[in-house]
J.: 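Got a structure here, written out as structure tokens. Questions coming.
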2 protein chains.
Amino acid sequence: MAVSSPGRKAATEKRRCAILQAARAVFARQGYASTVVDDIATQAGIAKGTLYLYFPSKEQIYLAALLEEARQLDADSRAAMNAAPTWREKLGAYLQVRLNYFESHQDFLRIYMSEFRGMFMHGKLNPEFMHLIQQGEAQLAQVFAVAAARGEIRPVNPELAAATVSDLSRGIMERQLRNWGRPVGPDDAAFALDVLCRALAA
Amino acid sequence: MAVSSPGRKAATEKRRCAILQAARAVFARQGYASTVVDDIATQAGIAKGTLYLYFPSKEQIYLAALLEEARQLDADSRAAMNAAPTWREKLGAYLQVRLNYFESHQDFLRIYMSEFRGMFMHGKLNPEFMHLIQQGEAQLAQVFAVAAARGEIRPVNPELAAATVSDLSRGIMERQLRNWGRPVGPDDAAFALDVLCRALAA
DNA sequence: TATAATTATGACCAGGTAGTCATTTTGATG
DNA sequence: CATCAAAATGACTACCTGGTCATAATTATA
């Protein structure tokens, strides 16, 4: 008569995660349009019908798969930046977190870079995503605002500086993804950090 | 008996262009996936069947619509940079051309920014596109290589520097497209140029 | 104007896929 | 073990859309 035992709930949650992981793998490999719902089910080792027991639509799977990781990235980023004392280290932490995340979550980043970002410009986007992204840049801007107020960097428009950082970090990740020509590595991040430091130095 | 009079050829070419322009408008508004071939035909004021007299498939329309503009942007860019004498002015020209292009070809840039770029990472891409893009960065890299050899800038990896420029210029255009929060304008480009100059100064 | 060639049309078709649901399997409970 | 609710299944359907082609309109030629 138990409507749902505790063990039941855990199993359900586990399966949910497995589905999302499978979805990320498939979407990363094939992109949203070329992915068929059955592909995801197969990758997850379940039947299509079962998928629809956990998610209402292909689109929702996609969104959920990305949102989960986006939250994590945001949290990691936030933690690392808060732990860093100086603006320079905070900046380094921001870049570092992204590089680390890249190592362990390529699927997510591939989807994010290759098609998700473009969604901003078209139809509506899940508000939480907007928030997450805006929040990320706002945090960065805050760092620069503080540093500028303290005279640690020259007085720049903090939002513009933050946007610059996010442009550069995106570029780095994109180059990692497609190894365009020569291999890119940590040099790339070091160069970006160097560029930023020189550009911002008081 | 004339197989095709000269006036005929011109009319055909004109229609072809009209189709591509219509295609850009629609693709920019709705994205590739959400666009139905009939949308393009309607926008161009012709019937769907007629479209297929000029192009063999939806994908080819998309590619042709973008390739046309990409060639133009490349040409403009090349011309402006060649005309500029110093590395600094060449860099300014690169950014400027992109900003100008943005004014007059929003449709193209919207498609390019929001979904086309992501294609690099998935399936094959028209080789001419690869070439155009790689060539663009290579030209930029060349500028830096020369400037570094002359001691006009500090000795940086030219490819990395070029990549940085293209990351920043992309960021600018993207921010223009979605007026995220406050309006962005030429300040944005000026800031980017400033960042680059400071970062590269000998 | 009559004739023929070129160009345009849009109803139609074939293929493919998101989502459903009647049926089966699982596993908890007494 | 018997019973039954919850979970899983996959064949099926309803719909959509890229591309075709027989027909019609247009334009050039004689």
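Below, chain A is the first sequence line, B the second, and so on; all start at residue 1.
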J.: Provide, to the nearest angstrom, the distance between the CD atom belonging to B/Q30 and the C1' atom belonging to D/dT17.
T.: 14 Å

J.: Sequence neighbours left out, what pairs pass side chain to side chain donor-acceptor pair (under 3.5 Å) with at least one residue falling in residues 39-66 of chain B?
T.: B/R29-B/Q43, B/Y62-B/E115

J.: Scan nucleotides 8-11 of chain C against the protein and return all N/O pairs shorter than 3.5 Å with their distances rounded to 0.1 Å.
T.:
unit_1	atom_1	unit_2	atom_2	d
C/dA8	OP1	B/R15	NH2	3.3
C/dA8	OP2	B/Y54	OH	3.1
C/dT9	OP2	B/A47	N	2.9
C/dT9	OP2	B/T50	OG1	2.6
C/dG10	N7	B/G49	N	3.3

J.: Counting side-chain heavy atoms from C-beta on, which of D/dT20, C/dG19, D/dA7 comes nearest to B/Y52?
T.: D/dT20

J.: From NZ of A/K58 over to P of C/dG16, roughly how many Å is that when rounded to an integer?
T.: 15 Å

J.: Could you please spell out the steps behind the side chain to side chain donor-acceptor pair (under 3.5 Å) verdict for A/E69 and A/Y101?
T.: CA-CA 10 Å; A/E69 300 262 30; A/Y101 216 81; 2.8 Å; yes

J.: Please evaluate residues B/R88 and B/E152 with respect to the criterion salt bridge (charged side-chain N to carboxylate O under 4.0 Å, His left out), reporting the C-alpha separation (whole Å), side-chain torsions for both, the decisive distance (0.1 Å), and the verdict.
T.: CA-CA 10 Å; B/R88 210 181 279 256; B/E152 294 167 3; over 6 Å; no

J.: I need the CD1-C1' distance between B/I40 and D/dG19, as an integer number of Å.
T.: 13 Å

J.: CD1 of B/I61 versus P of D/dG19: gap in Å, rounded?
T.: 8 Å

J.: Find the distance A/D38:CG to D/dA11:C1' and express it as a whole number of Å.
T.: 11 Å

J.: By the 4.0 Å heavy-atom rule, please label B/T35 as base, sugar-phosphate, or nothing.
T.: sugar-phosphate

J.: Do the numbers put B/R98 on top of the ring of B/Y94, so that NZ or CZ is under 6.0 Å from the six-membered ring centre and no more than 45° off the axis?
T.: yes

J.: So does A/D167 pair up with B/R170, basic N to acidic O under 4.0 Å?
T.: no

J.: Verify the ring-centre separation between B/F116 and B/F129: is it less than 6.0 angstrom?
T.: yes

J.: Where the side chain of B/S57 is concerned, which of D/dG19, C/dG19, C/dA18 is the nearest nucleotide?
T.: D/dG19

